Protein chains: 2
Amino acid sequence: MTPTPAKIRILLADDHTLVRRGVRLILDAEPDLEVVAEAADGAEAVAALRDVEVDLVILDVAMPRLTGLQAARSIARMRTPPKMLMLSMHDNEQYFFEALKVGASGYVLKSVADEDLVNACRTAMNGQAFVYPGAMSALVRDYLDRLHRGESLPNNVLTEREDEVLKLIAEGHSTREIARELTISYKTVERHRENILAKLGLRDRTQVTRYAIRAGLIEP
Amino acid sequence: MTPTPAKIRILLADDHTLVRRGVRLILDAEPDLEVVAEAADGAEAVAALRDVEVDLVILDVAMPRLTGLQAARSIARMRTPPKMLMLSMHDNEQYFFEALKVGASGYVLKSVADEDLVNACRTAMNGQAFVYPGAMSALVRDYLDRLHRGESLPNNVLTEREDEVLKLIAEGHSTREIARELTISYKTVERHRENILAKLGLRDRTQVTRYAIRAGLIEP
DNA sequence: GTACTTATGGGTGACAGCACCCATTCGGAA
DNA sequence: TTCCGAATGGGTGCTGTCACCCATAAGTAC
């Protein structure tokens with residue numbers, strides 16, 4: 001008799017029970033895939049990896065406590081990190097580059113069909129990058145190429161301080177309030193705001209708010 | 001032989017295939033529930049109701065094109081509207097009251113367990129209001145009581161015109177742009193904006209943006 | 001060590017946002 | 001019929017936002 005081929009062991013992390021349920025049913029239906037653990041947030045996922053041996057982690061981008069992106073950063077620092085697949089509601093570019101930056105092998109939207117998710121798992125395990133929708137794959141290839149050639153990133157990314165200011169603006173605080181909160185000058189906050197608008201190509205605070213919500217920096 | 005009891009016929013609307021998949025599997029496993037149609041956005045859902053007879057519509061709050069809340073408003077205007085159950089990512093109060101206001105019988109988080117969703121369907125069909133998490137049910141009872149006694153609502157509700165302006169503000173348009181878009185005076189738009197801020201207890205356009213996203217009026 | 005980035009702070013001016021004041025028109029409810 | 005709410009529009013003034021200009025200290029990169 002032929003030996004049972006080793007299944008790909010999967011950890012599934014998503015805070016929505018209904019989503020986990022759907023994904024699990026899809027994956028367990030495949031002969032070569034097996035969900036061996038579930039987690040309801042990023043912290044649980046990281047903890048679970050200490051107890052269970054898995055080959056692939058599927059992480060929802062937006063989760064309470066540790067977000068999927070934060071969890072991915074943590075997982076990437078392990079001795080022998082498993083492959084990672086990010087699951088997202090949004091086909092937002094920003095999310096997507098963040099995901100690649102933290103070392104994910106793929107980025108799958110929750111609106112994809114069953115087969116696409118299954119394919120993403122297999123592709124990720126082969127060490128290739130998978131991205132859905134396909135329209136983005138040119139972007140990925142380009143990005144990974146650059147990364148491979150050591151060209152680092154084109155980096156329109158915000159600095160830590162700018163991220164702080166971005167978050168406060170998006171939460172509806174005025175320039176004056178932010179200055180008090182960070183105990184820096186009003187003018188410095190204005191300076192940061194200008195840089196943020198310029199780097200992200202936004203026009204005003206309203207658009208900053210939407211950006212921050214899309215990027216998962218704040219809750220709506 | 002006993003006649004087969006009539007199943008509750010359900011239309012399931014969610015833009016995420018994976019979520020629809022999970023929910024459908026949960027519901028179809030019940031002997032008295034049957035998903036007879038699916039829709040990937042609010043407009044599809046409304047259209048589907050013209051072709052298929054359903055008893056209960058399960059609507060994701062946030063969907064492209066017509067959001068769940070907008071679709072619910074449209075469905076509520078039908079001759080014999082089906083019961084409606086809102087499905088949401090967020091346990092946010094704002095969403096929740098919006099859902100009740102448009103006539104939904106229930107509000108269920110995507111993080112609930114299978115049984116809770118099934119119970120929500122049955123409770124909604126009995127004409128009762130269901131809400132998860134339970135902590136909110138006091139709120140709901142109070143709200144529905146007031147509504148029933150004809151006390152109308154404490155009325156923080158916006159007029160149609162104000163809703164239009166709200167949406168445009170939240171999408172990042174300036175007062176001048178909105179005036180052009182609606183072909184009314186700059187001052188009138190300012191007037192509407194003032195009323196919106198006052199009615200909703202908000203302070204500026206940034207907060208309007210978050211409100212509109214929470215309320216499902218615009219996509220983040 | 002020179003150059004670049006990051007964070008810090010200042011000044012000025014144009015304009016937008018917001019909060020008050022005012023009024024008219026129209027339709028429906030009391 | 002009278003009155004109220006909704007929609008329309010105007011005036012005035014304060015404050016906030018944003019786009020430019022400028023500079024310095026500290027750290028990093030080459």
Side-chain angles (χ1 to χ4, degrees), chain A residues 101 146-147 149-212 217-218, chain B residues 73 77 101 147 149-213 217-218:
Chain A
K101 212 184 301 171
R146 255 206 304 254
L147 206 63
R149 291 201 307 274
E151 255 183 52
S152 77
L153 352 170
N155 240 349
N156 50 347
V157 196
L158 302 183
T159 67
E160 275 183 48
R161 199 53 154 174
E162 285 164 353
D163 264 326
E164 278 184 280
V165 174
L166 169 67
K167 196 168 166 176
L168 289 166
I169 291 175
E171 278 169 351
H173 297 102
S174 71
T175 308
R176 205 169 299 280
E177 288 170 346
I178 297 171
R180 256 194 283 107
E181 172 79 17
L182 300 180
T183 45
I184 55 179
S185 151
Y186 179 90
K187 286 307 290 185
T188 305
V189 178
E190 282 204 310
R191 179 94 287 212
H192 287 312
R193 187 191 55 215
E194 280 179 49
N195 290 336
I196 291 167
L197 293 181
K199 282 189 183 179
L200 301 180
L202 305 177
R203 213 178 49 181
D204 56 32
R205 290 155 67 253
T206 307
Q207 299 189 345
V208 169
T209 302
R210 291 180 78 184
Y211 173 87
L217 288 170
I218 63 165
Chain B
R73 279 189 204 99
R77 280 195 294 269
K101 212 182 303 171
L147 206 64
R149 289 201 308 275
E151 257 182 48
S152 75
L153 346 175
N155 236 352
N156 47 351
V157 194
L158 302 184
T159 67
E160 274 185 48
R161 198 53 153 174
E162 284 164 354
D163 262 329
E164 277 185 282
V165 174
L166 169 66
K167 195 168 167 174
L168 289 167
I169 291 175
E171 279 170 350
H173 297 102
S174 72
T175 306
R176 204 168 299 281
E177 287 169 346
I178 297 171
R180 256 194 283 108
E181 173 78 17
L182 300 180
T183 43
I184 55 180
S185 151
Y186 178 89
K187 288 305 290 185
T188 305
V189 178
E190 282 202 312
R191 180 91 285 208
H192 288 311
R193 187 190 55 217
E194 281 179 49
N195 291 335
I196 291 167
L197 292 182
K199 283 188 183 179
L200 301 180
L202 305 176
R203 214 177 48 184
D204 58 30
R205 291 156 65 251
T206 308
Q207 299 188 346
V208 169
T209 302
R210 289 180 78 185
Y211 174 87
I213 291 172
L217 289 170
I218 63 164

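Since we're looking at a predicted model, the values are computed, not measured. Residue numbers start from 1 in every chain, and the chains themselves are labelled A, B, ... in the order their sequence lines are given, proteins ahead of strands.
A 4.5 Å side-chain heavy-atom check between B:Asp204 and B:Gln207 finds at least one atom pair inside the cut-off. At least one side-chain heavy atom of A:Lys199 sits less than 4.5 Å from a side-chain heavy atom of A:Thr159. A:Leu182 is listed as a side-chain neighbour of A:Leu168, based on a closest heavy-atom distance under 4.5 Å.
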| field | Stepwise salt bridge (Lys or Arg N to Asp or Glu O under 4.0 Å) check, B:Lys187 with B:Glu190 | value | CA-CA 5 Å; B:Lys187 288 305 290 185; B:Glu190 282 202 312; 3.0 Å; yes
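Per the geometry, CZ belonging to A:Arg191 stands 10 Å off C1' belonging to D:dA19, to the nearest Å. Atom CZ of B:Arg203 is separated from atom C1' of C:dC18 by 12 Å (rounded to the nearest Å). Rounding to whole angstrom units, CG of residue A:Leu182 and P of C:dT8 are separated by 8 Å. Computed from coordinates, the A:Asn195 CG to D:dC21 P distance equals 13 Å when rounded to whole Å. Between the NZ atom of B:Lys199 and the P atom of C:dC18 there is a distance of 17 Å, rounded to whole Å. When rounded to the nearest whole Å, the span between CD of A:Glu162 and C1' of C:dA7 equals 9 Å. For the pair B:Ile178 CD1 and D:dT8 P, the interatomic distance rounds to 13 Å; values are reported in whole Å. Across the protein-nucleic acid pair, B:Ile184 atom CD1 and D:dG9 atom C1' stand 10 Å apart, rounded to whole Å.
Closest to the side chain of B:Thr159, out of C:dG10, D:dC22, D:dA6, is D:dA6. The listed nucleotides are D:dT8, D:dC18, C:dA19; the one nearest the side chain of A:Arg193 is D:dC18. Closest to the side chain of B:Lys187, out of D:dG10, C:dT12, D:dT8, is D:dG10.
Look at B:Arg180 and B:Glu177 and you find no salt bridge, because none of the NZ, NE, NH1 or NH2 atoms lies under 4.0 Å from a carboxylate O. A:Glu164 and A:Arg161 are joined by a salt bridge, as a carboxylate oxygen and a charged side-chain nitrogen come within less than 4.0 angstrom of each other.
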Please tabulate the protein-to-nucleotide N/O contacts below 3.5 Å involving nucleotides 26-30 of chain C, giving atom names and distances.
none

Is there any protein nitrogen or oxygen under 3.5 Å from a nitrogen or oxygen in nucleotides 14-16 of chain C, and what are the pairs?
unit_1	atom_1	unit_2	atom_2	d
C:dA16	OP2	B:Arg176	NH2	2.9

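The 5' end of DNA chain D is approached more closely, in terms of each residue's nearest nucleotide, by B:Glu194 than by the other of B:Glu194 and B:Asp204.
Between B:Arg161 and D:dT8, a side-chain N or O to OP1/OP2 separation shorter than 4.0 Å is present. Within the 4.0 Å cut-off from OP1 or OP2 of C:dG9, not a single side-chain nitrogen or oxygen of A:His192 is found.
The structure places CG of A:Leu202 at 8.0 Å from OH of A:Tyr211, a figure rounded to the nearest 0.5 Å. Expressed to the nearest 0.5 Å, how far NE2 of B:His192 lies from CG of B:Leu197 amounts to 13.0 Å. One distance of note links CD1 of B:Ile169 with OG1 of B:Thr209; it measures 8.5 Å at 0.5 Å rounding. To the nearest 0.5 angstrom, A:Arg193 atom CZ is 11.0 Å from A:Arg191 atom CZ.
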| task | Determine, for nucleotides 25-30 of chain D in 5'-to-3' order, which nucleotides have protein heavy atoms under 4.0 Å from the base (write B), from only the sugar-phosphate (write S), or from neither (write -). | result | ------
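What you find for B:Ala212 and B:Ala170 is that their closest heavy atoms are CB-CB, 3.4 Å. In terms of heavy-atom proximity, A:Ile178 sits nearest to A:Val165 at CD1-O, 4.4 Å.
Contacts of A:Thr188 with the nucleic acid, taken as non-hydrogen atoms under 4.0 Å apart, include base atoms.
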